[in-house]
There are 2 protein chains.
Amino acid sequence: MKLTEAKQQFISSWGAFGTHWGINRTMAQIHALLLVSADPLTQDDIMEELNISRGNTNMNIRELINWGLVERVILPGERKEFFSAEKDIWKVVRLIVKERKKRELDPLLKLLDQLEEVEGDKRDKSIKTFVDTVSGMKRIGKQADKTLDMMIKADEHWFVGSLMKLIK
Amino acid sequence: MKLTEAKQQFISSWGAFGTHWGINRTMAQIHALLLVSADPLTQDDIMEELNISRGNTNMNIRELINWGLVERVILPGERKEFFSAEKDIWKVVRLIVKERKKRELDPLLKLLDQLEEVEGDKRDKSIKTFVDTVSGMKRIGKQADKTLDMMIKADEHWFVGSLMKLIK
DNA sequence: TTATTTTTTCAAAAAGTTTTGAAATTTCAA
DNA sequence: TTGAAATTTCAAAACTTTTTGAAAAAATAA
């Protein structure tokens, strides 16, 4: 496969995967393009390469910067801003996990804490079912929280190495 | 908080969370309702409780059954079908991970294998950047694959217990 | 059987999300 | 300063996904 074709495949597939991962298609495509670009690109480069509008490009670059996945690069002597993606994939995964944890898991745990305090006699079958479900989720949720925090801080090899020891 | 209100909160929040988790809102709401129901419910119960149409209810119940999260229950002497959700949350998490891995991670790994075989001289900067990105992803992806497989098979306490030992 | 109830399907409508592009704002070199 | 270039904003349009509901199919009791 030729490089140009491979790049295109990569960008379009990463876009499709992104949609399953809480990231919209364009955002994922811009990310993919920057990941496989040897040098930083301008907004115009990205617009042209992906055939998307200026507004769309701008909004999604900004979102990628918020996630910490892309950074603005100022090249001396250039008027335009350039953008480049974090290339260390393990760092990328940690950034994504960190962001999604903050947006999804943390609010869920907060909610479960509130819901566990439902009024009523726990010997009542319907109360029991509710409380048991909520408590079960809270337990698993807290464990996931710890595990993910560990992962966010961990070095790639430490983490995987440790896990691998467990199955031997 | 009263049980009725708590249930409603739980259902509506689980619905909202679901949308971040590759599960549509109604599917997640039906799942939530069944999780906190002490007894199996019929399609009509679900329609009424969530104010949704018959078709919508039917399609989403079917999808929940496909994921293994809900099962059909036949009660003797009853004409209608009843539905109940798997209540063991650790099992629920494993089922969701299993399904999402199959739909998302497995195809990604397949794609990366193909893309790694791009033609050209790896001393070429643009080829190198592409191959490095793809290889990096493949490495992390394979590790995630193993870790998730382990998790899918693992007992809750074995898995978490082992992880916890590592941070002490 | 046949009639009635229950479940399933699917085209069209509604709802939700993303994208566009032109106007407003900001930046910066001269 | 000023004006050209670059960036940002956001309402409307395009697109995508979900939901509805009525009709078809399947299941079951009599």
Side-chain angles (χ1 to χ4, degrees), chain A residues 11-34 40-67 70-84 100 103-104, chain B residues 11-34 40-67 70-84 100 103-104:
Chain A
I11 290 167
S12 107
S13 304
W14 196 242
F17 286 121
T19 58
H20 297 292
W21 279 86
I23 289 171
N24 87 37
R25 193 172 51 213
T26 305
M27 184 172 155
Q29 285 183 350
I30 295 175
H31 187 215
L33 173 62
L34 291 173
L41 303 180
T42 64
Q43 272 202 30
D44 290 82
D45 294 335
I46 295 168
M47 284 167 63
E48 197 177 325
E49 197 81 41
L50 302 179
N51 273 295
I52 55 178
S53 71
R54 186 171 299 285
N56 196 8
T57 307
N58 189 275
M59 283 175 116
N60 283 294
I61 288 176
R62 216 150 12 90
E63 195 63 3
L64 284 164
I65 292 173
N66 285 160
W67 282 59
V70 164
E71 66 171 14
R72 245 173 256 271
V73 177
I74 304 299
L75 295 187
E78 293 276 6
R79 175 86 183 259
K80 287 184 180 175
E81 294 175 334
F82 286 72
F83 300 93
S84 90
R100 299 200 64 192
R103 294 178 184 214
E104 296 155 35
Chain B
I11 290 167
S12 108
S13 305
W14 197 241
F17 286 121
T19 58
H20 296 291
W21 281 86
I23 290 171
N24 89 36
R25 194 173 48 215
T26 306
M27 185 172 154
Q29 286 183 349
I30 295 175
H31 187 215
L33 173 62
L34 291 172
L41 303 179
T42 64
Q43 272 202 34
D44 289 82
D45 295 335
I46 295 168
M47 284 168 62
E48 196 178 324
E49 197 80 41
L50 302 179
N51 274 295
I52 54 179
S53 71
R54 185 171 300 286
N56 196 8
T57 307
N58 189 276
M59 284 174 116
N60 283 294
I61 288 175
R62 213 149 13 90
E63 194 64 3
L64 284 164
I65 292 173
N66 285 160
W67 282 58
V70 164
E71 66 172 14
R72 244 173 257 272
V73 177
I74 304 299
L75 297 186
E78 293 277 6
R79 176 87 181 256
K80 288 184 180 175
E81 293 175 334
F82 285 72
F83 301 93
S84 88
R100 298 200 65 191
R103 294 178 184 215
E104 295 155 35

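Computed from a predicted structure; not experimentally measured. Chain letters run A, B, ... following the sequence lines, proteins first, then strands; residues in each count from 1. Computed over heavy atoms, backbone and side chain alike; hydrogens, waters and symmetry mates excluded.
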If you assign A/Ser53 and A/Glu78 each to the DNA chain C nucleotide with the nearest heavy atom, which residue ends up on the more 5' nucleotide?
A/Ser53
Return the NZ to OG1 distance between B/Lys80 and B/Thr42, rounded to the nearest 0.5 Å.
5.0 Å
Whole-Å distance, B/Asp45 CG to C/dT6 C1', equals 14 Å
When the distance from CD1 of B/Ile65 to C1' of C/dT7 is rounded to whole Å, what number comes out?
12 Å
Can you see which heavy atom on B/Thr57 is nearest to which on B/Gln43, and at what distance?
CG2-O, 3.9 Å
Calculate, to the nearest 0.5 Å, the distance between atoms CZ and CZ belonging to B/Arg72 and B/Phe82 respectively.
13.5 Å
For the pair made of CG in A/Leu41 and C1' in D/dT7, what is the distance, rounded to whole Å?
17 Å
Without decimals, in angstroms, what is the distance between B/Met59 CE and C/dA12 C1'?
13 Å
For A/Asn51 and C/dT19, give me the distance from atom CG to atom C1', rounded to whole Å.
13 Å
State the CG-CE distance between A/Asn66 and A/Met27, to the nearest 0.5 angstrom.
8.0 Å
Would you kindly give the NZ-to-C1' distance between A/Lys80 and D/dA4, to the nearest whole Å?
13 Å
Describe the nucleic acid contact of A/Thr42 in one word from base, sugar-phosphate, nothing, applying a heavy-atom distance below 4.0 Å.
nothing
5′-ward residue of the pair A/Gln43/A/Arg25 relative to DNA chain D
A/Gln43
Indicate, with a heavy-atom threshold strictly under 4.0 Å, whether A/Asn58 touches base, sugar-phosphate, or nothing.
base
Any base atoms under 4.0 Å from A/Arg54, or only sugar-phosphate, or nothing? Heavy atoms, all strands.
base
Using a cut-off of 4.0 Å on non-hydrogen atoms, how would the nucleic acid contact of A/Asn24 be classed: base, sugar-phosphate, or nothing?
sugar-phosphate
Answer with yes or no whether B/Arg79 presents, from its side chain, a donor or acceptor under 3.5 Å of a partner atom in the base of C/dT6.
no
To the nearest angstrom, the CD1-C1' distance between B/Ile52 and D/dT18 comes to 11 Å
Got more than 12 heavy atoms from elsewhere within 6.0 Å of CZ, B/Arg100?
yes
Any side-chain N or O of B/Thr26 below 4.0 angstrom from OP1/OP2 of D/dT18?
no
Taking atom P of D/dA22 as reference, at what distance in whole Å does atom CG of B/Asn56 sit?
15 Å
